[in-house]
Protein chains: 2
Amino acid sequence: MTNKDNSEPTIYPMPLVRVDLAVFSIQEGCLKVLLSQRKEAPFKNKWGLPGGVLRIDLDESFHAAAKRIGVERIGIAPTGLQQVVTVGGAKRDPRAPWAVSVVFRGMVKPDLQLSLGKRINALEWRPVTDAGASSELAFDHRDLIELAVIDIRNKVRELHFPEGTLPDTFTIPELQALSEEILGHPLDKVTFRRRVLAKEILVELSEELRGGAHRPAKIYTLNSKSMKAKTKLNANN
Amino acid sequence: MTNKDNSEPTIYPMPLVRVDLAVFSIQEGCLKVLLSQRKEAPFKNKWGLPGGVLRIDLDESFHAAAKRIGVERIGIAPTGLQQVVTVGGAKRDPRAPWAVSVVFRGMVKPDLQLSLGKRINALEWRPVTDAGASSELAFDHRDLIELAVIDIRNKVRELHFPEGTLPDTFTIPELQALSEEILGHPLDKVTFRRRVLAKEILVELSEELRGGAHRPAKIYTLNSKSMKAKTKLNANN
DNA sequence: CAAATAGTGTCTTTGAGACAATATATC
DNA sequence: GATATATTGTCTCAAAGACACTATTTG
């Protein structure tokens with residue numbers, strides 16, 4: 001039935017291609033995802049992931065598109081951007097006969113000031129527990145958030161902290177607290193320390209601090225080895 | 001600089017969206033990937049992954065597109081199709097200013113007869129070791145194959161056999177041999193049996209066989225529990 | 001010294017690797 | 001019985017959980 005198939009591929013109508021961002025941050029002791037309230041139809045006034053349309057004249061790659069859309073929509077490019085999944089279908093977006101969404105996960109520091117982008121009424125940090133429960137989200141963004149949460153938790157479970165997740169320097173107990181907040185459950189102190197040290201991803205600094213009326217903790221940074229974790233495999237976005 | 005950004009998103013030119021298939025099979029004791037020789041430019045006469053252009057008038061989803069393209073290009077829809085990665089960029093394909101490729105991994109039974117699709121000179125099963133070494137492949141398909149191989153090996157390592165990987169019934173030693181062929185290295189007999197049985201993915205059948213001049217092995221099938229492994233998470237292609 | 005958190009010691013459990021021993025077919 | 005593979009037994013090791021203990025700071 002597809003007999004005219006020998007023509008050049010470019011003649012076929014192409015779908016609308018968007019890049020959506022699952023931006024995370026640790027705030028008030030729990031993992032939160034950034035939602036934006038849509039200013040226009042479809043799903044007007046509903047909350048969803050910030051995102052934008054791929055611009056083939058501006059974007060060199062999907063990774064670059066994700067950065068640009070971060071800047072345009074929330075005023076900043078999230079760090080540690082990594083592709084999570086690509087979804088597409090005929091009935092995802094009424095504005096186009098076929099719509100594709102390439103979803104990226106990223107981090108921002110909790111204290112960074114976000115700015116409202118175009119076509120957005122408001123931005124809001126939502127705890128991922130709530131976001132998973134709420135069925136009020138636009139499109140299939142609830143599922144996409146769920147995938148992104150699974151993804152970042154898998155990384156943290158293996159002590160692969162996405163770039164931008166950690167402060168420049170930190171103590172092991174601070175690293176553990178952060179991990180617990182991302183994973184959503186407590187971790188054993190001894191086991192965590194053992195695993196982190198065995199992995200040899202830390203460099204001990206010759207300072208000390210973290211006051212309080214108690215013994216201070218040693219300060220560490222990520223070493224170079226742990227930064228090289230991005231292979232070509234993660235780079236081809 | 002992007003001041004006219006308030007217009008409807010659909011006015012932007014969209015990229016060429018393709019779906020490429022990394023189809024695997026076990027043959028002659030090793031994991032092989034199916035390559036096709038291109039009949040037309042670009043990369044005329046070079047080998048690459050079989051693939052095709054997304055047809056928004058025919059395909060309900062990317063998963064459906066992968067099935068259709070399987071049928072069109074190699075005469076059969078691979079089983080256990082799962083999305084691996086999406087790549088895109090300005091200079092990937094000279095036929096379009098921007099080209100996207102959504103890569104799916106799938107399996108076919110080794111004895112199935114393939115048929116040559118359009119725009120393909122020939123099909124060839126290439127051991128993944130060779131495919132990884134050859135830098136002769138079209139586009140960035142060498143990298144895509146590498147990703148797909150990592151993906152299927154991760155699954156098999158965790159005893160998650162993609163649909164179509166296993167015959168309907170099999171013995172534990174046969175399952176181990178298959179796993180070793182996919183992983184590319186031998187496994188410990190006792191450990192493998194322990195892990196498989198502990199995972200409770202098998203149902204023992206009341207037959208027996210696998211002749212030869214030796215003790216016969218028990219016959220198993222995958223149970224229903226192990227089939228339910230496809231959650232909504234893997235379904236949204 | 002009291003309080004509070006950092007860091008260590010160590011017992012136990014679990015899962016995996018190694019390898020020996022036993023079981024059951026065919027010839 | 002000889003042979004070949006299936007299946008089990010068991011020793012060892014490595015990683016993780018549990019929990020008690022020690023260390024070091026401030027007030």
Quick one: does R215(A) reach the base of dA6(C) with a side-chain donor-acceptor pair under 3.5 Å?
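When only heavy-atom distances are counted, R215(A) does reach the base of dA6(C) through a donor-acceptor pair under 3.5 Å.
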
Between R18(B) and D20(B), does any NZ, NE, NH1 or NH2 come within less than 4.0 Å of an OD or OE carboxylate oxygen?
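Answer for the salt bridge query: yes.
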
In whole angstroms, how far is the [atom2] atom of [N] from the [atom1] atom of [X]?
X	N	atom1	atom2	answer
I172(A)	dT5(C)	CD1	C1'	14 Å
E174(B)	dT5(D)	CD	P	13 Å
L197(B)	dG15(C)	CG	C1'	14 Å
K199(B)	dT14(C)	NZ	C1'	17 Å
I219(B)	dT24(C)	CD1	C1'	15 Å
R157(A)	dA15(D)	CZ	C1'	16 Å

Any donor-acceptor N/O pair, S179(B) side chain to L175(B) backbone, under 3.5 Å:
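Checking the backbone N and O of L175(B) against the side chain of S179(B), a donor-acceptor pair under 3.5 Å is found.
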
Main-chain N/O of S61(A) paired with D59(A) side-chain donor or acceptor, under 3.5 Å:
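Not a single qualifying donor-acceptor pair exists.
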
What is the ring orientation for F43(B) with F139(B), classed by angle as parallel under 30°, tilted 30 to 60°, or perpendicular over 60°?
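Plane angle between 30° and 60°, so tilted.
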
Please report the closest heavy-atom contact between D151(A) and R105(A), naming both atoms and the distance.
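Nearest pair, atom of D151(A) first, then R105(A): OD2-NE, 2.7 Å.
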
Over all heavy atoms of both residues, which pair between E180(A) and L187(A) is shortest? Give the atoms and the distance, please.
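Scanning both residues completely, I find the closest heavy atoms to be OE2-N, 2.8 Å.
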
Under 3.5 Å between N/O atoms: give me all the protein pairs with nucleotides 11-14 of chain D, atom names plus distance.
none

Any P110(B) side-chain heavy atom under 4.5 Å of I26(B) side chain
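In short, these two side chains do not touch, never coming nearer than 4.5 Å.
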
Nucleic acid contacts of residues 175-193 of chain B, taken as heavy-atom distances under 4.0 Å to DNA chain D
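Within this stretch, K189(B), V190(B), R193(B) sit under 4.0 Å of the strand.
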
Going by the rule salt bridge (Lys or Arg N to Asp or Glu O under 4.0 Å), which residues pair with K67(A) if we only count those two or more places apart in sequence or in a different chain?
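K67(A) satisfies salt bridge (Lys or Arg N to Asp or Glu O under 4.0 Å) with no other residue.
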
Return the nearest nucleotide to the side chain of H214(B); candidates are dT24(C), dG7(C), dT5(D).
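For H214(B), the side-chain atoms sit closest to dT5(D).
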
Polar contact flag, side-chain donor to acceptor under 3.5 angstrom, H141(B)-K46(B):
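On atom types as modelled, these side chains do not qualify, holding no pair under 3.5 Å.
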
